[in-house]
Amino acid sequence: MSSSRAANPATDPAASRPSVTFPHRHLLGIEGLSAPDIALLLDHSDHYVDLNRAVEKKQSSLRGRTIINLFFENSTRTRTSFELAGKRLGADVINMSVATSSVKKGETLIDTAITLNAMHPDLLVVRHQDSGAVALLAQKVGCGVINGGDGSHEHPTQALLDALTIRRRKGSLEGLLVAICGDILHSRVARSNIHLLNTMGARVRLIAPPTLLPAYAENLGVEVFHDMRKGLTDVDIVMMLRLQMERFHGAFVPSTREYFHFYGLDYAKLSFAKPDALIMHPGPMNRGVEIDTEVADDIHRSVIHEQVEMGVAVRMACLELLARHLPNWRGTTPPGL
Ligand code: ASP
C-alpha cells in the first residue's frame with residue numbers, strides 16, 4: 001500500500017522510523033498484549049514526548065482521519081488528552097457528550113455504535129461505566145476502538161502512561177518493586193497496571209483494606225498487604241489510587257478520616273519506601289483522603305504531573321499505531337498487514 005503524499009522525516013518522527021506494526025486492530029485492554037506489543041507502544045510514545053516538547057507540535061500522519069471521543073462517563077484528563085493527541089496528529093476530533101446525546105433519550109449502546117459507525121469514523125475512543133461495554137461496542141463497528149476506561153475492568157492508556165513515566169525515570173520496568181495502594185476493588189487503573197507490570201517483569205504489591213480488594217487478588221500474580229508500612233517497605237514506586245466513591249454500593253470504609261489514617265500516603269508511611277521511590281496517582285486526587293497534599297505536591301518525589309504529560313504522548317502513539325491498520329495508510333505498513 002502506498003500513497004502519493006510522502007511523509008517528511010524532518011517534521012514527522014513516524015516517517016523517519018522503519019515501518020512497524022502493532023498486531024491488534026483495537027486497544028481494549030492490557031491483558032492479552034505481549035511484552036513486545038507493550039514495548040512497541042512505549043518506544044513509539046517516547047518519540048511523541050520529544051515532539052510534544054518542541055515548539056511546533058503538529059504533524060500530519062492522521063490528516064483526513066476522523067476520531068470520535070465517545071464518553072459515557074465523566075473525564076477531564078483522558079478526554080482532553082485524546083483530543084489533543086488526535087489534533088496533534090492532524091486528525092479531525094469530535095467529542096461526543098453523552099449528556100446531550102440520544103443515549104439520554106433511551107438509545108442503547110449498540111444503537112449508538114451503529115449510528116456513529118454510519119458516519120465513518122476511523123477511530124473511536126470510548127469510556128463507559130460498565131466493564132466489557134467497550135469490547136461489545138468494538139464488535140459492532142468497522143473502525144478501530146480504544147478503551148478509555150470501562151467500569152472497573154481496564155484503562156489501558158493509563159497503564160501505558162504510568163509505564164512510560166516509570167521507564168523514563170528508572171530506565172526499565174524489569175525488576176522494579178511497585179506498590180499499588182488503595183481502592184483496588186473498583187480500579188480499572190489497578191487492573192491494567194497489574195497486567196502491564198507483570199508482563200514487563202516488575203513485581204507488584206497490592207496494599208488495601210480487605211474490603212477494597214477483589215476476592216481473586218491473590219490469583220493476579222501479586223503480593224497482598226493490608227498494612228501500608230509493611231507493604232511499602234523497599235518499594236521503588238508508590239502508586240496511589242482514588243477512593244472511587246461513585247462505584248461504592250455500601251460502606252467500604254468507616255470514614256475518609258480513618259481511611260487516611262491507615263491508608264493515606266503521608267511522609268511517615270512513605271519513609272518505608274526506597275529513598276528515591278516515585279509517587280504516582282492517576283488523578284483526580286482526593287487530597288487528604290488517599291494522599292497528603294504536601295506529598296502529592298513534592299517536586300522531588302511526585303511525578304503526578306509528568307504522568308499527565310506522558311498521557312498525551314501515549315495516546316498519540318496508540319492512535320497512530322492503530323491507524324496503521326486503516327485503508328490507504330500512507331505506505332509505511334508492509335503489504336499484507
Ligand atoms: N482517572 C482514572 C480512571 O478513569 C482514575 C480515577 O478516576 O480514579 O479510572
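First listed ligand is number 1; within each ligand, the first listed atom is number 1.
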Trainee: Of the protein's non-hydrogen atoms, which lies at the shortest distance from atom 4 (O) of ligand 1, and what is that distance?
Mentor: Arg188 NH2, 2.9 Å
Trainee: Look only at interatomic distance and state if Pro282 has a nitrogen or oxygen under 3.5 Å from any nitrogen or oxygen of ligand 1.
Mentor: no
Trainee: Quick check: are there more than 12 heavy atoms from other residues, nucleotides or ligands sitting under 6.0 Å from CZ of Arg203?
Mentor: no
Trainee: Tell me, which protein residue and heavy-atom name are nearest atom 7 (O) of ligand 1, and how many Å apart are they?
Mentor: Arg242 NH2, 3.0 Å
Trainee: Do Arg315's NZ or CZ and the ring of Phe82 fall within the cation-pi criteria of under 6.0 Å and 45°?
Mentor: yes
Trainee: Using a 4.0 Å cut-off to any heavy atom of Arg127, which atoms of ligand 1 qualify?
Mentor: 4 (O)
Trainee: Is Arg167 salt-bridged to Asp43, cutoff N-O under 4.0 Å?
Mentor: yes
Trainee: Go through ligand 1 atom by atom and flag the ones less than 4.0 Å from a non-hydrogen atom of Val189.
Mentor: 2 (C), 5 (C), 9 (O)
Trainee: Taking only residues two or more places apart in sequence, or in another chain, which ones meet Ala217 in a side-chain contact (heavy atoms from CB on, under 4.5 Å)?
Mentor: Leu206, Leu213, Pro214, Val224
Trainee: For the backbone of Leu220 and the side chain of Asn198, can you confirm whether one donor and one acceptor N or O come within less than 3.5 Å of each other?
Mentor: yes
Trainee: Considering Gly148, Gly182, Gly151, Gly283, which one's heavy-atom position lies nearest to atom 5 (C) of ligand 1?
Mentor: Gly283
Trainee: Give a yes or no on whether a salt bridge exists between Arg53 and Asp50, defined as a side-chain N under 4.0 angstrom from a carboxylate O.
Mentor: no
Trainee: Quick one: does ligand 1 sit under 4.0 Å from the side chain of Gln158, the backbone, both or neither, non-hydrogen atoms only?
Mentor: neither
Trainee: Using heavy atoms and a 4.0 Å limit, tell me yes or no: is Pro284 in contact with ligand 1?
Mentor: yes
Trainee: For ligand 1, which atoms have a heavy atom of His155 less than 4.0 angstrom away?
Mentor: 3 (C), 4 (O), 9 (O)
Trainee: Only counting residues at least two apart or in another chain, list the ones meeting side-chain contact (heavy atoms from CB on, under 4.5 Å) with Asp130.
Mentor: His128, Ala133
Trainee: Does ligand 1 come near enough to Gln244 that some N or O of the ligand is less than 3.5 Å from an N or O of the residue?
Mentor: yes
